[in-house]
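Presented below is the structure to which this report refers.
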Number of protein chains: 2
Amino acid sequence: MTASAVKSRKEFGKTLAVDITHRLRQDIVACRLKPGEPLKFDALKLAFGASFTTLREALTSLTADGLVVAEEQRGFRVAPVTSDDLIDITQTRILIEIELLSRSIANGGDDWEIAVMSTLHRLGRIEERLPGNHVENPEWQIAHRQFHEALVSCGRSPTLLGIRTSLFERAERYRNLSAMFRPQPRDKVGEHRAIMQAAIARDTNLATSLIDQHIRSTSDNVVKYASHLLTES
Amino acid sequence: MTASAVKSRKEFGKTLAVDITHRLRQDIVACRLKPGEPLKFDALKLAFGASFTTLREALTSLTADGLVVAEEQRGFRVAPVTSDDLIDITQTRILIEIELLSRSIANGGDDWEIAVMSTLHRLGRIEERLPGNHVENPEWQIAHRQFHEALVSCGRSPTLLGIRTSLFERAERYRNLSAMFRPQPRDKVGEHRAIMQAAIARDTNLATSLIDQHIRSTSDNVVKYASHLLTES
DNA sequence: ATAGGACATATTTTCGAAAATATATTCTGC
DNA sequence: GCAGAATATATTTTCGAAAATATGTCCTAT
């Protein structure tokens with residue numbers, strides 16, 4: 001196990017359990033903890049410097065997020081990556097993302113337009129600055145996530161937004177998996193710009209259609225470059 | 001606090017924590033634990049006969065389900081019931097349920113048709129047998145849940161089905177809330193039958209439209225009879 | 001009388017040991 | 001030599017005490 005070392009405590013949350021939940025989540029999404037890998041308490045204790053109980057609480061949280069699977073009396077493991085799971089996540093994301101984007105286009109005001117444009121601008125600048133494969137770069141990932149968050153930020157449904165966040169992270173794990181084996185990233189700057197323009201123009205049909213394609217092609221790319229890592233058909 | 005007393009251990013799961021999660025969930029959905037009520041460890045320990053740690057794990061699970069809210073360093077409480085939350089749940093349920101029902105109609109075979117018909121039949125028999133307000137009856141609730149589960153059972157998406165189950169439970173809590181104040185239940189047997197017939201006839205548009213109305217009117221009924229219990233707006 | 005601080009109490013959060021369970025190893029009988 | 005029981009080891013799960021934090025009460029100064 002090569003998890004993140006013991007950093008400064010309480011980086012993300014007030015309680016240690018919440019903090020460790022976030023750190024474990026990051027390690028899993030970034031594939032520093034490999035899919036299917038058993039999460040044994042002795043090793044976790046060493047890596048995160050917390051007790052059984054606290055780690056157990058964190059793992060329980062992540063189980064609900066679909067990033068960890070629990071086998072009763074047999075411990076926890078990082079959720080495996082499978083073709084079926086990727087397809088499931090992709091189709092569900094498309095459904096949720098289209099709904100939230102439609103609502104945002106209907107509800108969003110000036111602030112929303114500004115947020116969408118500025119997060120895209122930042123993403124573009126980062127891509128200019130970073131040569132080659134920027135997908136695995138943390139700075140790019142944050143900016144990328146923020147752009148997509150801005151797009152749906154006026155969806156006005158805490159429930160849907162929560163589901164979306166969870167699915168986005170599960171999908172990001174697959175993206176990170178394929179990034180390890182992709183020689184050059186496909187040019188997504190054009191895709192993102194087109195989505196932004198359609199959204200700002202309040203063209204719901206076009207914007208949702210572009211998002212659909214965007215999510216779908218991202219998923220296809222994972223299959224293309226990481227299929228040898230996915231179990232099942 | 002009037003939670004379920006200490007029953008036979010390990011009724012639902014192999015581990016105590018999973019078992020207590022289920023029992024706590026039932027108590028919350030049935031409103032035996034009231035919305036907004038603080039969930040203090042001393043009281044829970046007494047009611048469920050488990051230690052801090054085990055209870056903590058259960059509460060963390062339920063927080064992910066949206067039935068419990070956690071305020072860091074200030075403990076847990078039963079999720080409050082609000083108009084906004086009910087609206088959010090209702091709209092999200094409609095989206096998810098329509099998607100799953102459409103897929104089931106497309107995918108379902110003979111076994112699916114049989115499951116839909118037989119679960120509806122059982123529901124009808126139970127309604128005949130039980131006089132008056134059967135909504136709060138556990139037997140009716142199980143049969144009702146099983147009918148709706150059968151309808152969407154061929155949706156072929158573990159993720160969507162999981163989300164659906166979680167939303168169904170959150171909505172059931174609101175139904176139980178309004179059932180306390182509803183003098184006579186509206187006749188739902190006709191609605192359920194119409195949904196079944198449209199589904200079996202593979203009339204996706206009609207079936208999804210009926211499900212939409214069904215969920216919407218259930219939600220309206222909650223507002224009608226329990227609005228005085230909902231905070232906000 | 002009241003705001004602010006110091007103390008006391010209540011409650012949550014974390015820990016490491018003990019119990020329960022699963023996995024690996026050894027031993028026995030055939 | 002091998003299957004199956006018996007034992008030993010590894011790991012998870014649960015517990016109650018101890019630490020950390022929040023809440024309530026009392027006292028003092030203005």
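Letters go in sequence order (proteins before strands), and every chain restarts at 1.
- Using a 4.0 Å cutoff on non-hydrogen atoms, the parts of residues 51-60 of chain B near DNA chain C are B:Phe52, B:Thr53, B:Arg56, ordered by number.
- Side-chain atoms of B:Arg74 lie closest to D:dA22 of the nucleotides D:dA22, D:dC15, C:dT11.
- In this entry the distance linking NZ of A:Lys45 with P of D:dT13 reads 15 Å, nearest Å.
- Figure legend: A:Arg175 and A:Phe168 shown as a cation-pi pair, the cationic atom lying under 6.0 angstrom from the six-membered ring centre and within 45 degrees of its axis.
- For the pair A:Leu16 CG and C:dC15 C1', the computed distance is 10 Å after rounding to whole Å.
- Among residues at least two apart or in separate chains, ring pair (Phe, Tyr, Trp, His ring centres under 6.0 Å) pairs with a member in residues 146-167 of chain B are B:His144-B:His148, B:Phe147-B:His192, B:His148-B:His192, B:His148-B:His214.
- Taking atom CZ on B:Arg77 and atom P on D:dT23, their separation rounds to 11 Å, with Å as the unit.
- Without hydrogens or angle criteria, A:Asn137 side chain to A:Glu139 main chain gives a donor-acceptor distance under 3.5 Å.
- Each of C:dA22, D:dT13, D:dT12 was ranked by its minimum atom distance to the side chain of A:Lys40; first place goes to D:dT12.
- B:Ala179 pairs by the side chain to side chain contact (heavy atoms under 4.5 Å, CB included) definition with B:Val135, not counting sequence neighbours.
- Straight-line distance from the CZ atom of A:Phe41 to the C1' atom of C:dG16: 14 Å, rounded to whole Å.
- The distance from the CD atom of A:Glu99 to the CD1 atom of B:Ile94 is 10.0 Å, given to the nearest 0.5 Å.
- Summarising the geometry, the separation between CZ on B:Phe48 and P on D:dT14 is reported as 15 Å, rounded to the nearest angstrom.
- Using a 4.5 Å heavy-atom cutoff, the side chains of A:Leu59 and A:Phe41 are in contact.
- For B:Glu71 and C:dT11, the CD to C1' distance is 13 Å, given to the nearest whole Å.
- C:dA19 atom C1' lies 18 Å from atom NZ of B:Lys14, rounded to whole Å.
- Atom-to-atom, CG of B:Leu46 to C1' of D:dG16 comes out at 16 Å; the value is rounded to the nearest Å.
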